[in-house]
Number of protein chains: 2
Amino acid sequence: MGRVSDAKERLMAAVSELFWTGSYDSTTVDQICQRAGVQKGSFYHFFACKATLAEAALNEEWATYRPRLDAIFSASVAPLERIRQHCEFSLKEQADLRERHGCVLGCPLCTLGTEVSTQEKGLQKKIQEIMAHGVQYLETAIRDAHAAGEIHAPDAKAKAKLIHAYHLGLLTQARIQDSLAILEDLPKTTFELLGADFPRRHKKK
Amino acid sequence: MGRVSDAKERLMAAVSELFWTGSYDSTTVDQICQRAGVQKGSFYHFFACKATLAEAALNEEWATYRPRLDAIFSASVAPLERIRQHCEFSLKEQADLRERHGCVLGCPLCTLGTEVSTQEKGLQKKIQEIMAHGVQYLETAIRDAHAAGEIHAPDAKAKAKLIHAYHLGLLTQARIQDSLAILEDLPKTTFELLGADFPRRHKKK
DNA sequence: AGTGAACTAGACTAATTGGTCAACTATTTT
DNA sequence: AAAATAGTTGACCAATTAGTCTAGTTCACT
């Protein structure tokens with residue numbers, strides 16, 4: 001079967017980082033190759049163009065991100081606790097990224113999606129697809145919390161959409177302001193939106 | 001004083017549109033010149049580089065956008081009515097843009113800001129500045145509504161931040177999904193966040 | 001050991017890029 | 001009318017770009 005290689009994986013990792021820390025259009029094929037330690041010929045051996053690589057990288061990212069979300073939103077965890085953990089997870093991730101890259105990066109799907117959605121329809125679709133999963137986790141948790149009488153949210157879908165939009169907005173602002181400060185409100189405000197007390201006590205409203 | 005020209009204005013108009021319908025990095029100087037009907041030499045006569053032009057264009061855009069916001073958020077209009085009008089205005093603007101350009105464009109500041117903030121610090125600062133004005137309008141209206149007893153919002157700043165983040169999130173999603181559908185919730189949900197009845201009646205909560 | 005498939009190397013091309021420049025034109029001021 | 005100012009033109013340049021291509025290398029499987 002010929003030689004094996006992890007160049008494909010290295011390219012996907014490189015591109016994810018470069019798109020996130022910079023932008024899609026400002027990232028060149030040469031740059032990607034250099035970061036991945038891969039030659040041009042290998043790049044085009046694996047991928048037809050930058051957009052193809054981007055799509056593969058999105059699939060890869062989602063594949064590693066999904067189990068983390070599955071754990072956070074595990075049905076074995078109390079519904080509101082899932083949401084609280086997700087908020088803390090986002091916060092921590094942004095703080096880590098800032099540590100590592102020197103600036104706040106926000107949501108990678110939003111960043112990429114905002115930039116490419118008018119130009120790269122294939123990528124746009126993939127991003128929409130992954131984002132839709134994100135709301136689904138929230139919706140399920142909210143429905144469970146409502147069923148358990150922990151919050152009053154008869155329209156779980158609407159509430160999930162609201163909270164999701166709010167989260168995206170905050171992350172976008174965090175990137176634009178290059179500041180974690182605005183994210184501090186996230187857990188508390190999310191719980192206010194849910195109509196629940198914050199730190200722990202989940203009583204019927 | 002030598003000959004006069006509106007090339008500067010044409011360049012600013014061209015660049016605003018190109019950044020919004022496409023992206024900052026994918027828009028080339030040649031493209032900008034072509035769209036503006038201006039030669040390269042003239043471009044560099046007026047602006048040092050793309051970033052400089054972008055900054056000038058942002059100032060220009062804000063200068064024409066500000067009076068519209070001033071009118072919508074006029075103190076002579078009932079506070080909640082200001083917010084309602086602003087929601088309707090956003091909706092209508094997005095619908096118009098879609099009509100004109102064939103796709104949903106979202107918020108120009110977010111689109112540009114998300115893309116350039118890790119790379120063009122000058123632009124980033126300007127975008128932050130203009131965005132801050134946006135929240136201020138909301139905050140004032142909310143404070144007024146609270147003072148008038150129309151809503152219960154003792155922390156107007158926090159409420160404004162929440163609603164602003166929600167709006168940005170929705171607009172971002174509208175662009176990424178290339179759909180106006182998600183924006184339909186905007187007015188109703190905004191009023192829910194305010195704790196007020198929607199269409200008209202403003203009673204003490 | 002040998003074959004063929006999978007992968008790598010990197011020089012090459014053609015197009016596009018941002019940016020310069022010097023000659024030119026139009027307008028106002030003196 | 002002359003001179004100074006403001007704006008225009010488009011050829012030109014060096015650098016960078018995406019993408020190609022051929023000759024190689026490495027490996028799994030016989």
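Per chain, numbering begins at 1; letters A, B, ... match sequence-line order.
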Does a sphere of radius 6.0 Å around CD in Glu9(A) hold more than 12 heavy atoms from other residues, nucleotides or ligands, not counting ones at 6.0 Å or beyond? yes
Residue Lys40(B), side-chain atoms from C-beta onward, closest of dT20(C), dG19(D), dT27(C): dT20(C)
Checking all strands, does Thr28(B) fall into the base, sugar-phosphate, or nothing category for heavy-atom contacts under 4.0 angstrom? sugar-phosphate
Toward the 5' end of DNA chain C, which comes first, Asp25(B) or Arg3(B), by nearest nucleotide? Asp25(B)
Given the structure, check if the side chain of Lys50(B) and the base of dG18(C) hold any donor-acceptor pair shorter than 3.5 Å. no
Between dG19(D) atom C1' and Gln31(A) atom CD, what is the distance in whole Å? 17 Å
Atom OH of Tyr44(A) and atom P of dC7(C): how far apart are they, to the nearest Å? 18 Å
Do Lys92(B) and Asp96(B) sit within salt-bridge range, that is, some charged N less than 4.0 Å from a carboxylate O? yes
Think Ser42(B) has a side-chain N or O under 4.0 angstrom from the OP1 or OP2 of dT8(D)? yes
Of the listed nucleotides (dT8(D), dG10(C), dT8(C)), which one gets closest to any side-chain atom of Ala7(B)? dT8(D)
Under 4.0 Å between any heavy atoms, over every strand shown, what does Phe46(B) touch: base, sugar-phosphate, or nothing? Just pick one. sugar-phosphate
Whole angstrom is fine here: how far is it from CG in Asp30(A) over to P in dG10(C)? 14 Å
Counting only heavy atoms not in Lys157(B), do more than 12 fall under 6.0 Å of its NZ? no
Spacing between Glu120(B) atom CD and dG18(C) atom P, to the nearest angstrom: 13 Å
Glu192(A)/Lys188(A) salt bridge by N-O under 4.0 Å criterion: yes
What's the CZ-C1' distance between Arg10(B) and dG7(D), to the nearest Å? 11 Å
So, OP1 or OP2 of dT8(C): does either fall under 4.0 Å of a side-chain N or O from Gln39(A)? no
Nearest whole Å is fine: how far is dG18(C) P from Gln34(B) CD? 13 Å
To the nearest Å, give me how far apart CZ (Phe43(B)) and P (dA6(D)) are. 21 Å
Would you call Glu129(A) and Lys125(A) a salt bridge, using N to O less than 4.0 angstrom? no
If you find the nucleotide of DNA chain D closest to Ser26(A) and the one closest to His45(B), which residue's nucleotide is nearer the 5' end? His45(B)
According to a strict under-4.0 Å criterion, is Ser5(A) in side-chain N/O contact with OP1 or OP2 of dT26(D)? no
Can you check the Leu53(B) CG to dG18(C) P distance for me, whole Å? 12 Å
